[in-house]
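Presented below is the structure to which this report refers.
Remember, it's a predicted structure, so these values are computed and weren't measured experimentally.
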Amino acid sequence: MSPVAIGPYLVGPYAIGGSIVAVLVIVGLVVAWAFVRARRVVKIETPEEAADAAQAQLHGFAVAGAVVGADGQGALAVADDGRVAAVKRVGKRLAVREVAWRTVRATHEGILVETGDKMLGAVMLSRVDVLDIRRLAPKGVRV
């Protein structure tokens with residue numbers, strides 16, 4: 001093969017092939033990085049993080065305590081006045097919904113909260129048991 005003239009420069013076939021390979025490698029790295037970043041699970045790290053989100057998003061919600069599931073995917077915050085809120089990570093932000101105590105129930109995997117919200121769905125607090133919830137609940141609320 002003979003060199004190709006691109007403007008005033010003569011470019012050989014190896015230079016063109018090398019450029020194409022370099023572009024494909026860069027595109028592949030960007031796609032791999034985006035895939036890994038999208039698959040990364042972002043967790044609720046601490047009960048304080050869940051409590052701060054509940055206080056910020058729910059009017060008059062003064063958190064008395066909060067608990068986070070072992071996998072960091074769901075949390076529960078309880079207010080001084082007995083109200084309860086489910087917290088779940090949705091993308092980079094925390095979504096908070098006030099729920100009734102009757103929607104909080106124990107399962108084999110942990111505590112399940114049926115929010116009734118289509119966007120939030122059910123919130124699972126893995127490896128959290130009824131005793132953890134009873135410690136959070138105000139005295140007048142039966143869990």
Side-chain angles (χ1 to χ4, degrees), residues 1-138 141 143:
M1 292 184 90
S2 61
V4 177
I6 298 179
Y9 305 103
L10 286 178
V11 181
Y14 294 114
I16 293 172
S19 299
I20 291 171
V21 167
V23 168
L24 290 176
V25 166
I26 291 171
V27 167
L29 288 173
V30 168
V31 167
W33 177 79
F35 180 73
V36 167
R37 184 157 168 85
R39 301 261 325 193
R40 185 181 65 179
V41 176
V42 181
K43 297 179 179 181
I44 302 171
E45 296 293 333
T46 63
E48 290 78 18
E49 185 180 2
D52 291 343
Q55 287 183 157
Q57 294 183 35
L58 298 175
H59 180 70
F61 198 89
V63 176
V67 63
V68 178
D71 62 358
Q73 296 302 302
L76 207 62
V78 179
D80 290 333
D81 60 1
R83 297 187 305 167
V84 63
V87 183
K88 186 176 183 179
R89 175 84 56 193
V90 177
K92 290 186 177 184
R93 68 179 189 86
L94 291 177
V96 180
R97 297 295 180 272
E98 188 171 342
V99 296
W101 275 105
R102 68 180 184 285
T103 63
V104 179
R105 61 185 172 97
T107 67
H108 291 291
E109 294 84 25
I111 299 297
L112 180 66
V113 183
E114 297 288 344
T115 64
D117 185 325
K118 287 183 181 183
M119 183 188 83
L120 194 60
V123 177
M124 182 65 171
L125 283 72
S126 63
R127 290 191 270 169
V128 174
D129 62 13
V130 174
L131 291 175
D132 296 323
I133 301 304
R134 284 185 180 157
R135 286 185 198 115
L136 289 177
V141 176
V143 180

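Here Leu125 contributes atom CG and Leu76 contributes atom CG; the two are 5.5 Å apart, rounded to the nearest 0.5 Å. Considering CE of Met124 and CD of Glu114, their distance stands at 10.5 Å, rounded to 0.5 Å. To the nearest 0.5 Å, atoms CG (Leu24) and CG (Leu29) are separated by 11.0 Å. Rounding to the nearest 0.5 Å gives a distance of 12.0 Å between CZ of Arg127 and CG of Asp132.
With contacts defined as side-chain heavy-atom distances shorter than 4.5 Å, the pair Pro47/Val68 qualifies.
Of the possible donor and acceptor atoms, none in the side chain of Lys88 sits under 3.5 Å from a partner among the backbone N and O of Val123. No donor-acceptor pair closer than 3.5 Å links the side chain of Lys43 to the backbone N or O of Arg89. Side chain of Gln55 to main chain of Val63: a donor-acceptor pair is present (N/O by atom type, distance under 3.5 Å, no hydrogens or angles). The closest donor-acceptor contact from the side chain of Thr107 to the backbone of Leu112 lies at 3.5 Å or more, if one exists at all. Of the possible donor and acceptor atoms, none in the side chain of Asp52 sits under 3.5 Å from a partner among the backbone N and O of Glu49. Judged by distance alone, with hydrogens and angles left aside, the side-chain atoms of Gln57 form a donor-acceptor pair with the main-chain N or O of Leu94 at under 3.5 Å. Checking side-chain atoms of Thr115 against main-chain N and O of Gly121 turns up a donor-acceptor pair under 3.5 Å.
Among all heavy-atom pairs drawn from Leu58 and Ala85, the shortest one is CD1-CB, 3.6 Å. When all heavy atoms of Val90 and Ala95 are compared, the closest pair comes out as CG2-CB, 3.7 Å. Gly82 and Trp101 get closest at one heavy-atom pair: O-NE1, 2.7 Å. A pairwise comparison of heavy atoms in Val87 and Ala50 identifies CG2-O, 4.1 Å as the closest pair.
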